[in-house]
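Below: one structure, written as structure tokens.
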Amino acid sequence: MPLMKIDMVKNQYKPEEIKELMQLSFDVAKETLSLPDRDRFQIVTQHEDYELNFQDVGLGYERTAKALFFTILSTPRPMPAKKAFTKKLVATLSDKAGVRPEDVIITFATNHAEDWSFGLGKNHFLNGEL
């Protein structure tokens, strides 16, 4: 049930490329974070170029306008799973979609099962449905 948000500069990727990025990133999450098939929640937001500033925290990375910022909002995950996701996502996007490794930024944010409602105003984890 992670929520995966992908922020990018508008018009840097074609619609079919965005769909591929979404599929590849879900496939990696499914494998490394042990997700079931239909546990897919993704939001892509495109911004004007002046609305995003992806610097490098002094690491010396040069980013392009095709940079992608992934935010993974999830229940707590083990450190090895986070490391596996990060490593595999960058490698997969580079190998299969031509995204430069320097252009992939990833952050995990934690919430808890009781923080989710999947519809009908129900708290599915709290009422035992999930």
Side-chain angles (χ1 to χ4, degrees):
M1 110 201 96
L3 170 59
M4 182 183 300
K5 297 178 71 178
I6 309 168
D7 290 277
M8 64 182 66
V9 173
K10 192 182 291 186
N11 298 321
Q12 293 299 310
Y13 293 92
K14 297 175 185 166
E16 59 273 10
E17 292 173 317
I18 293 172
K19 288 180 184 177
E20 180 183 30
L21 293 170
M22 293 174 74
Q23 186 62 54
L24 291 170
S25 58
F26 175 70
D27 291 344
V28 169
K30 186 175 164 187
E31 178 185 334
T32 60
L33 302 177
S34 303
L35 305 181
D37 287 335
R38 293 182 47 85
D39 195 354
R40 185 172 180 169
F41 301 91
Q42 294 173 299
I43 299 171
V44 172
T45 305
Q46 297 188 55
H47 304 268
E48 298 294 338
D49 62 352
Y50 58 84
E51 295 178 324
L52 294 175
N53 193 337
F54 297 144
Q55 294 188 351
D56 67 354
V57 196
L59 296 170
Y61 301 152
E62 293 294 327
R63 304 208 198 277
T64 70
K66 294 183 81 97
L68 301 169
F69 195 107
F70 286 80
T71 303
I72 313 301
L73 179 62
S74 174
T75 56
R77 301 281 172 176
M79 190 64 64
K82 292 179 185 183
K83 286 183 170 184
F85 173 81
T86 301
K87 185 175 182 173
K88 184 150 182 103
L89 179 63
V90 171
T92 299
L93 294 179
S94 178
D95 293 345
K96 296 187 177 178
V99 177
R100 296 173 63 245
E102 300 90 336
D103 281 339
V104 182
I105 304 159
I106 304 164
T107 186
F108 280 83
T110 302
N111 68 355
H112 301 280
E114 69 257 15
D115 298 326
W116 289 86
S117 171
F118 295 99
L120 304 176
K122 294 182 178 184
N123 298 89
H124 297 86
F125 286 102
L126 294 177
N127 67 19
E129 290 181 68
L130 289 174

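We number each residue from 1, following the sequence as shown. Note that the structure is a prediction, hence the values are computed from the model and not measured. Atom set for the values below is all heavy atoms of this structure, side chains included, hydrogens, waters and symmetry mates excluded.
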> Taking side chain as C-beta onward, heavy atoms only, is Lys88 less than 4.5 Å from Glu31?
Replying inline: yes

> Is the side chain of Asn111 donor-acceptor paired with the backbone N or O of Asp115 at a distance under 3.5 Å, no angle test?
Replying inline: no

> Would Leu35 and Leu24 show up in the same hydrophobic cluster when neighbours are defined by side-chain heavy atoms closer than 4.5 Å?
Replying inline: yes

> Can you find a heavy atom in the side chain of Trp116 that is under 4.5 Å from one in the side chain of Leu126?
Replying inline: no

>> Using only atom types and a distance under 3.5 Å, with no angle test, would you say the side chain of Glu17 pairs donor to acceptor with the backbone of Lys14?
In response: yes

> Is the count of non-hydrogen atoms from other residues, nucleotides or ligands lying under 6.0 Å from Glu62 atom CD greater than 12?
Replying inline: no

> Can you find a pair of side-chain heavy atoms, one from Thr110 and one from Pro76, that are under 4.5 Å apart?
Replying inline: yes

> Between Phe85 and Phe108, what is the ring plane arrangement, given parallel below 30°, perpendicular above 60°, and tilted in between?
Replying inline: perpendicular

>> As a test of understanding, state which of Leu73, Thr75, Ile72 forms a side chain to side chain contact (heavy atoms under 4.5 Å, CB included) with Pro2.
In response: Ile72

>> If I compare all heavy atoms of Ala67 with all of Phe54, which pair ends up nearest, and what's the gap?
In response: CB-CD1, 3.4 Å

> Between Lys122 and Asn127, does a side chain to side chain contact (heavy atoms under 4.5 Å, CB included) hold up when you go through it step by step?
Replying inline: CA-CA 8 Å; Lys122 294 182 178 184; Asn127 67 19; 3.9 Å; yes

> In the single-linkage hydrophobic clustering (I, L, V, M, F, W, Y; side-chain heavy atoms under 4.5 Å), do Leu3 and Ile106 co-cluster?
Replying inline: no

>> Walk me through whether Gln46 and Ile18 qualify under side chain to side chain contact (heavy atoms under 4.5 Å, CB included).
In response: CA-CA 10 Å; Gln46 297 188 55; Ile18 293 172; 3.4 Å; yes

>> In the structure I gave you, are the side-chain heavy atoms of Leu33 and Arg77 within less than 4.5 Å of one another anywhere?
In response: yes

>> Run Asp7 and Leu68 through side chain to side chain contact (heavy atoms under 4.5 Å, CB included) and show every step you take.
In response: CA-CA 6 Å; Asp7 290 277; Leu68 301 169; over 6 Å; no

>> Counting C-beta onward and ignoring hydrogens, is there a side-chain heavy-atom pair between Lys66 and Met8 closer than 4.5 Å?
In response: no

> Closest approach of Met22 and Gln42, non-hydrogen atoms and distance?
Replying inline: O-NE2, 2.8 Å

>> For Lys96 versus Glu20, what's the shortest heavy-atom pair and its separation?
In response: O-OE2, 3.3 Å

> Should the pair Lys5 and Phe70 be classed as cation-pi, given the thresholds of under 6.0 Å to the six-membered ring centre and 45° from the axis?
Replying inline: no

>> Given 3.5 Å as the limit, does a donor-acceptor pair link the side chain of Tyr61 with the main chain of Gln55, or not?
In response: no

>> Are Ile105 and Leu89 connected into the same hydrophobic cluster when the rule is that any two of I, L, V, M, F, W, Y join if their side-chain heavy atoms are below 4.5 Å apart?
In response: no

> Checking salt bridge (charged side-chain N to carboxylate O under 4.0 Å, His left out) for the pair Arg63/Glu102: CA distance, chi angles, key distance, verdict?
Replying inline: CA-CA 6 Å; Arg63 304 208 198 277; Glu102 300 90 336; over 6 Å; no

> Phe69 versus Thr107: any side-chain heavy-atom pair under 4.5 Å?
Replying inline: yes

>> Set out, in order, the CA-CA distance, both residues' side-chain angles and the distance that settles side chain to side chain contact (heavy atoms under 4.5 Å, CB included) for Ser25 and Ile6, then state yes or no.
In response: CA-CA 10 Å; Ser25 58; Ile6 309 168; 4.0 Å; yes

> Side chains of Thr64 and Arg100: does their closest heavy-atom pair fall under 4.5 Å?
Replying inline: yes

> In the single-linkage hydrophobic clustering (I, L, V, M, F, W, Y; side-chain heavy atoms under 4.5 Å), do Leu93 and Val90 co-cluster?
Replying inline: yes

>> Using only atom types and a distance under 3.5 Å, with no angle test, would you say the side chain of Glu51 pairs donor to acceptor with the backbone of Glu48?
In response: yes

> Looking only at atom types and distance, does a side-chain atom of His124 sit under 3.5 Å from a main-chain N or O of Phe118, one as donor and one as acceptor?
Replying inline: yes

>> A side-chain contact here means heavy atoms from C-beta on lying under 4.5 Å apart; do Thr45 and Ile43 qualify?
In response: yes

>> Side chains of Asn123 and Ser117: any donor to acceptor distance under 3.5 Å?
In response: no

